[in-house]
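I have placed the structure first, in the form of structure tokens, so that the comments after it can refer back to it.
Convention: sequence-line order gives letters A, B, ...; per-chain numbering from 1. Source: prediction; values computed, not measured.
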There are 2 protein chains.
Amino acid sequence: MSEEPIHTQHRAPTIYEVAAKAGVSIKTVSRVLNREPNVRPAVHDRVTQAVSALGYRPRTSARGLAGGRSFTLVTYLDESLTLEHWRIDRSNPYVERLQFGGMMACREAGYHLLFELLDANAQGAEAAMMSTLSALNPDGVILTPPISDNQRVMKLLTRMGTPFARLSAIKTDIPCLSVTMDEKAGAFEATEHLISLGHRRIGFIAGTPALSSSHAREAGFLAALAKYGLALEKNYLCQGDYTYEGGKAAARRLLQQANPPSAIFAANDEMALGIIHVASEHGVEVPLDLSVVGFDDFQAARYSLPSLTTIRQPVGDMAAQACKRLIAHAAARDEIELNQALPVNHALLVRDSTAPPR
Amino acid sequence: MSEEPIHTQHRAPTIYEVAAKAGVSIKTVSRVLNREPNVRPAVHDRVTQAVSALGYRPRTSARGLAGGRSFTLVTYLDESLTLEHWRIDRSNPYVERLQFGGMMACREAGYHLLFELLDANAQGAEAAMMSTLSALNPDGVILTPPISDNQRVMKLLTRMGTPFARLSAIKTDIPCLSVTMDEKAGAFEATEHLISLGHRRIGFIAGTPALSSSHAREAGFLAALAKYGLALEKNYLCQGDYTYEGGKAAARRLLQQANPPSAIFAANDEMALGIIHVASEHGVEVPLDLSVVGFDDFQAARYSLPSLTTIRQPVGDMAAQACKRLIAHAAARDEIELNQALPVNHALLVRDSTAPPR
DNA sequence: CTGAAAGCGCTAACAC
DNA sequence: GTGTTAGCGCTTTCAG
């Protein structure tokens, strides 16, 4: 090591250096940094200049320790679901969109989004949560399915006084923020689209029963059939599991019947892609011989051949909204009401996998 | 608020409470927590028990402040690339795998992985980095392409003394950790596979020129042609941009030629999927009329029809390795050597998009 | 409007 | 082996 490095900036500046440079106390710097009132414009400017001249940024850990705010939001992901996704290297568009939508919202506010895996049904779930909560002391928590429907988790968070938002969850009495699209309505529209095309024999492939979305989507499907006076053919309702392979298996069951459906609505896109592949194996042409509708609008839905008609769930926007609310709540010291259900718009995207029946 | 909540645990315990319960000083608790030596087994046990009885976890921010370790790793993502991905809602398998591989490695060590967007070529890039570095004080940084090839960024990190790992980057003299597969060899094998199938007229679609991987893959392609004495037909080398649409455009140019190739190697999977779709439009059957090879093995490569032959780049493993090294380095107080290139294995995955020429 | 002092919960030097 | 004493860099009282 040479005695005189060319540019020994090295250590990041502290609030003391800023205060010295601006000729004020550290408290005044702190006031400016946190947009507190009671600082004369002239002083404010001097501080601002010192800050940018020094390239100063308050240390997150120091702020966290002193102020009780960590500038951090934690997202809980279902552990087994996530590990399984990872193990078989499935795409995870829900998490991907959540990650980016949330990151962008946090970024604007100087926040950071962390991800934690949680097995909410395990023995030690509470302890595991307490553990990460006390280590990270997040200003808010985002719950994803199926954790977003877990009562124990919500109660613990309530008891701890940690604000939280539930994504894609069903109704509850526990006061908190909920950001959820109307899954049933989406499924209804998807089915209605098929019916309006002239389909009468419509099959449905359900998703993972542990996820509330699957039930909501099935309910929407059935509601649409009922509204248009269509009977649900025997064996047209298949159990799936939201995976590509599960979709293929269900599609085989559906298509091998004596009187197969002319259209199938899958509770998510991945299964819908499975249907298309099975159809191809069976020499069934999509959409001429069989119409297929998915749900979620995951990215591969557009790459598929034919591209997939589907319902778009705006997970990125949902996450961004949740983050913004949680951050505003933390900034306002709990004075902003969090207990509400934020409206989320979905959309039917008609692409090439649906057409009138032959 | 009632005077007597049922269960007022609320505040997370501190090291003082653990120390009191175990009948030792806080320093001893700290020793146990940090696996430092000089603690008698009996004392160690008492502390451990107190810790788990109280459900204690040290506050990350307090440790960060006092110890200078933040237990945090920061990943820099290229800002424009990421925003563009997000804007057009492309899938981002590189980031997705990076995220999970990294997260799992960090999780084991009690670390957290944060993501930051950085425009490394912008005027204020240094300031922006300094800003996040001083705010977060990360124990290590992970650089992704194309930032991982940016000299300014590497120099700044070196000057700041922040350990960093470069992913999928080309060689450099700056001492640091590098985790990179042999892209050229991968491309060579992909091309060789086509040649061994009997193809002689092979086209190539390059990726985004700003990414070094594109050049390496092109070099591998050309090397394979050279080794087997195949001439590169005129107009068989197309510029692409690593996107699905770009792949389609390039594929059209390739297939509309008087003497089109019997096989095309695309520098990534997304473009390869574009080729398959264009072929279908043109009535060209894959793989009978045209073989297609991709690169990366992103998840949709398996959902495509036909499924895609490709080269797998194990980004998740690469990220995990980088995180582990960086964490070990931080834990060992810089005594572990970081300056090396970690070997990464790739693999040719032969699926349904390649076959002998007609 | 501004500043001085007192911690936040932990680790780092040093004593013992 | 173990405890004591200082801070780390900030926010929060509470004076002026």
Side-chain angles (χ1 to χ4, degrees), chain A residues 10-47 50-51 54-72 110 131 133-137 139 330-331 333, chain B residues 10-47 50-51 54-72 110 131 133-137 139 330-331 333:
Chain A
H10 274 209
R11 249 186 61 276
T14 72
I15 196 170
Y16 285 96
E17 295 163 48
V18 176
K21 188 169 183 88
V24 296
S25 76
I26 61 165
K27 175 66 229 194
T28 299
V29 177
S30 176
R31 283 201 176 88
V32 173
L33 257 28
N34 297 301
R35 305 175 198 293
E36 285 171 32
N38 298 340
V39 180
R40 270 181 306 167
V43 177
H44 184 103
D45 285 356
R46 261 193 292 146
V47 172
V51 165
L54 260 34
Y56 170 75
R57 267 286 291 276
R59 228 66 79 247
T60 305
S61 51
R63 268 157 66 115
L65 225 207
R69 273 179 82 184
S70 61
F71 295 86
T72 292
S131 176
L133 289 180
S134 58
L136 263 14
N137 195 27
D139 295 347
R333 313 254 144 185
Chain B
H10 276 207
R11 251 186 59 276
T14 72
I15 197 172
Y16 285 96
E17 296 164 46
V18 176
K21 187 168 183 90
V24 297
S25 75
I26 59 165
K27 176 67 229 190
T28 299
V29 177
S30 176
R31 283 202 177 88
V32 173
L33 259 26
N34 297 302
R35 308 177 195 291
E36 285 170 32
N38 298 340
V39 179
R40 271 180 308 167
V43 176
H44 184 104
D45 286 355
R46 261 193 294 146
V47 172
V51 165
L54 260 32
Y56 170 76
R57 266 286 290 278
R59 228 65 80 248
T60 305
S61 51
R63 290 175 96 161
L65 226 207
R69 272 180 82 183
S70 61
F71 295 87
T72 292
S131 176
L133 289 180
S134 58
L136 264 15
N137 195 27
D139 295 348
R333 312 258 145 182

CD of B:E17 versus C1' of C:dC8: gap in Å, rounded?
13 Å

When you measure from the side chain of A:R31 to the backbone N and O of A:E36, does any donor-acceptor pair fall under 3.5 Å?
no

Return the 5'-most residue of the pair A:T14, B:R40 with respect to DNA chain D, ranking by each residue's nearest nucleotide.
B:R40

OP1 or OP2 of D:dT11 less than 4.0 angstrom from a side-chain nitrogen or oxygen of A:S30, does that happen here?
yes

Grab the CG-C1' distance between A:L65 and C:dG7 for me, whole Å please.
10 Å

A:K21 atom NZ, neighbour heavy-atom count above 12 within 6.0 Å:
no

Rounded to the nearest Å, what distance is computed from the CG atom of residue B:D45 to the C1' atom of nucleotide D:dT2?
17 Å

Which is true for A:I26 with a 4.0 Å heavy-atom rule: it touches a base, it touches only sugar-phosphate, or it touches nothing?
base

Less than 3.5 Å apart, any donor N or O on the side chain of B:S134 or A:R57 sitting next to an acceptor on the other?
no

If you pin B:R31 and B:R59 to their nearest nucleotides in DNA chain C, which one's is more 5'?
B:R59

Under 4.0 Å from OP1 or OP2 of D:dT11: is there any side-chain N or O of A:R63 that close?
yes

Return the CG to CZ distance between A:L65 and B:R59, rounded to the nearest 0.5 Å.
9.0 Å

Among C:dC10, C:dG7, D:dG3, which nucleotide sits nearest the side chain of B:P58?
C:dC10

In this structure, how many angstroms lie between the C1' atom of C:dC16 and the CG atom of B:N38, rounded?
14 Å

Would you kindly give the CD-to-C1' distance between B:E36 and D:dG1, to the nearest whole Å?
12 Å

Looking only at side-chain N and O atoms, does A:Y16 come under 4.0 Å of OP1 or OP2 in D:dG7?
no

Return the value, rounded to whole Å, for the distance between atom CG of A:N137 and atom C1' of C:dC10.
14 Å

Nearest heavy-atom contact between B:N137 and B:S70 is O-OG, 2.7 Å

Any N/O donor-acceptor pair, A:K27 side-chain to C:dA4 base, under 3.5 Å:
no

Should B:S25 be listed as having a side-chain N or O under 4.0 Å from OP1 or OP2 of D:dG3?
yes

Phosphate OP1/OP2 of C:dG3 contacted by A:T28 side-chain N/O (<4.0 Å)
yes

What is the distance, rounded to the nearest whole Å, between atom CG of B:L136 and atom C1' of D:dC10?
16 Å

Take the protein atom CG of B:L33 and the nucleotide atom C1' of C:dA12, then report the distance between them rounded to whole Å.
15 Å

